[in-house]
Each structure stands twice: as C-alpha cells, then as structure tokens.
Amino acid sequence: MQRLLNRALGLAIAGGLLLSAPLAAQAPTITVRDAWVREPMGGRNMTGAFAIVENAGPTPTAIVAASASISDKVELHEMKNDGGMMRMSPVKRLEVPAHGTLELKPGSFHVMLFDIKARPSPGETVRLTLTFDDGTTVTTDAAVRKP
Amino acid sequence: MTTMMRRRAEFAASIIALAAWVVGASACQSGPAVDPLPILPIGGDFTLTDHDGLPFTLASQRGRVVLVFFGYSSCPDACPTTLSKLATVSRRLGDDGARVRTLYVSVDPERDTPPVLKADLANFALDAVGLTGTKGELDRVVKQYAAAYEIVPTLESAAKYTVSHTTTVYAVDAQGQVRLTFAYEASVDEIVRGIRRIIADSA
C-alpha cells in the first residue's frame, strides 16, 4: 500500500512538473476567451464571430486576419450606429491596446464570416483562428449561439 | 447700440424663447399618458412594388397600424435584428397583432427583387410585406419619412457593397399618419406600449 502511495505521489509530482514548467516559461501574452458565433439570422449565409481578446503584454497589438472552419471568406468588420445611420465597414486591423482588452461584440468590432459552407446550429462549435500583427495566431473553439 | 447689434440681440432673445418653448413642450409630452399622440410631420402615402411583384399602396392599409422601416435583404445585422424584434412584438401583442402590419422597404433595389424580399421575410414569423421599386420611387419614400441611406462600395469585401441606412421604425396609425418613431435600441416593451397607445388613440 505504502509503495503504491509513493508511486502515486511520484507520478503526481512528475506530472505537475511536466505541466507547470512549460506554462511558467511562456505565459501567453494574448488570450482569446468567450468566443462565440451567432447562429445566422433569417436566411442569411453570413454571420458574425465575437470574443474577448486580452493583451497582457506591454506592446499594443492588432488582429490583422481571421479564419474559420465554416467559411473561406472571413473579414474584420466594424458596425457603427452613426447618428441613427447604421454603417458596416470592413477594416484592416482590430487594435488591442497594451495591457488592455478588445471586445468583439454585436454592434461594434467583429469578425464576419461570409458564404457559410455549413450552417452552424446552437450546441455546435466553430474553429476560429485570429492572426495578430506579429504573426502569432490564436485558435479557439467558438460556441454557436442564438442572436 | 447699432442696428446690427440690436438685431443680433433680438435674434438671440428669440432663440432663447424658442428653446424655452421646446423645453416646455417636451416637458408636457412626458405628462399623463392620456394625451393623444402628436401627428408627426413626416410620412404620407406612396406606391411601391410588393414582394409578389404587385403594386402596393400605403393607402390600402387604412384601418391597420403599419410599421415602416428601411433595410435590405443582405443586411448582415441591423435588419434581421429588427425583423426578429418585430416578430417578438407581434407575438406579445396577441390579438392586437392582427391589426398590425410591417412594411420592409428595401434601399437596395439592385439586389432586392420581389422574390429575394419574399424569401428573406419567410424567415420571420411576422405579417410583413417587402417593398421595392425603382431608385427614384424608393428615394421619394425615403425622403417622405426623413430616412436616409447610402450605398458604400466595399470592393475588398465579399459583400461588394454595403448599404448604410437609418434603422428607425415609423409607426403609422389607421389613418396613415406617423404617430411614433422607434430608434434601433427601442425595446420590445417600448414598441408594444407604443402600438397599444396608437390603437387606443384610434378607438
């Protein structure tokens, strides 16, 4: 029994070292969380993807491209209510401030997925990759939700 | 005091008086809900083409409360959001919902043919008519309702062009007069309350 416990303890310590060492060495500067894709509205074959992008580093960064498993035409967009006039425009960059957060959300900055290949339903996930201006990419599973 | 200075002083005084009157008038409006809704100086009758390709006049809707709004079927966000919201409004109105019809006026006549509008509206549980016309016809209606739109080329985008447009919903009473407008942010509750007031006013 004692031998078994010792072995278990040894394994746990080894496992802990294996897991914690690489994590401590390279804490990610950019994290993407709460990613979601809106279930396409009406009969539209396009939709938006949203997420919270955090930059823990001292250098501002920006999303410069995105890709998604259900579309080959993914663009960065801004939606703006400009004195009652609703404007949609493609943008080249979505800025993430140093030690700051960019919230991609409906009615604001977001990722547009055009010509959707497979219509996503709630409960499914879409693989979403964001590319940053230094070339790094972050891939996340975005949950499909109703508007 | 020169004549010029006096004129300026008189002008300033009249502006202040006008401002006081506007403030007073808007204070009155927030008074008891029994006041009838004002008739807004916008809107009016028009003829367009409906989603079956037939001529459609606003005048044919007398006796109904009509919700007019401008949009387009490739609109990625604002229009389907509004249509979904109006579908919820209709459900919430219960029996009164049968007295309300939505007119979805396209500001993208190039892409929005009657069948395209019909297919778009089929996705929403809403008594709505999609309307289109020539650019000239649509521009006239846009102007009547003090709405606005702008075709914005986005050649680098899969959308090719987007249409910026106002998102106001105009509530027209049973006599064809605009009585209320709802901003994009208006809640389902606000719209339901507004429609019930218009129905009560015309009872």
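Letters A, B, ... mirror the listed sequences (proteins, then strands); counts begin at 1.
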What part of [X] lies closer than 4.5 angstrom to a heavy atom of chain B: side chain, backbone, both or neither?
X         : answer
Asp82(A)  : neither
Arg87(A)  : both
His110(A) : neither
Met85(A)  : both
Met88(A)  : both

Checklist entry - Side chain, backbone, both or neither: which part of Ala183(B) has an atom under 4.5 Å from a heavy atom of chain A? => result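 Answer is neither: Ala183(B) stays 4.5 Å or more from chain A.
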Item to check | Interchain contact, Glu150(B) with chain A, by part (heavy-atom threshold 4.5 Å) | outcome: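 Looking at Glu150(B), backbone and side chain both touch chain A.
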Please check this pair: side chain of [X] against backbone of [Y], looking for a donor-acceptor N/O pair closer than 3.5 Å.
X         : Y         : result
Ser71(A)  : Ser67(A)  : no
Ser106(B) : Asp108(B) : yes
Arg119(A) : Pro40(A)  : yes
Arg145(A) : Arg38(A)  : no
Thr81(B)  : Asp77(B)  : yes

Item to check | Lys117(A) atom NZ, neighbour heavy-atom count above 12 within 6.0 Å | outcome: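 Counting other residues, nucleotides and ligands, NZ of Lys117(A) exceeds 12 neighbours.
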Contact listing (chain A partner; [range]; heavy atom under 4.5 Å):
range                       : value
residues 159-177 of chain B : Ala159(B), Thr162(B), Val163(B), Ser164(B), His165(B), Thr166(B), Thr167(B)
residues 53-69 of chain B   : none
residues 112-147 of chain B : Asp120(B), Asn123(B), Phe124(B)

Checklist entry - If you count heavy-atom pairs under 4.5 Å with chain B, which of Met112(A), His77(A), Lys80(A), Glu75(A) comes out on top? => result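 Counting heavy-atom pairs under 4.5 Å, the top option is Glu75(A).
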Quick check for you: to the nearest 0.5 Å, what is the distance between [X] atom [atom1] and [Y] atom [atom2]?
X         : Y         : atom1 : atom2 : result
Thr140(A) : Leu128(A) : OG1   : CG    : 7.0 Å
Asp72(A)  : Phe114(A) : CG    : CZ    : 13.5 Å
Lys73(A)  : Ser157(B) : NZ    : OG    : 9.5 Å
Asp115(A) : Ile70(A)  : CG    : CD1   : 11.5 Å
Glu185(B) : Glu190(B) : CD    : CD    : 9.5 Å
Ser90(B)  : Arg101(B) : OG    : CZ    : 11.5 Å

Checklist entry - What pairs with Tyr149(B) under ring pair (Phe, Tyr, Trp, His ring centres under 6.0 Å), at least two apart in sequence or on another chain? => result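 Expected list: none.
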Item to check | Between Ser187(B) and Asp189(B), a side-chain donor and acceptor under 3.5 Å | outcome: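 There is no such pair between these side chains.
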Checklist entry - With a 4.0 Å cut-off, would you call Arg93(A) and Glu95(A) a salt bridge? => result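 Answer for the salt bridge query: yes.
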Checklist entry - Less than 4.0 Å between a side-chain N and a carboxylate O, is that true for Arg33(A) and Glu54(A)? => result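 Result for this pair is yes, salt bridge flagged.
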Checklist entry - Considering the options Asn55(A), Thr29(A), Asp133(A), which one meets the side chain to side chain donor-acceptor pair (under 3.5 Å) requirement together with Thr61(A)? => result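 Considering Asn55(A), Thr29(A), Asp133(A), a side chain to side chain donor-acceptor pair (under 3.5 Å) with Thr61(A) is found only for Asp133(A).
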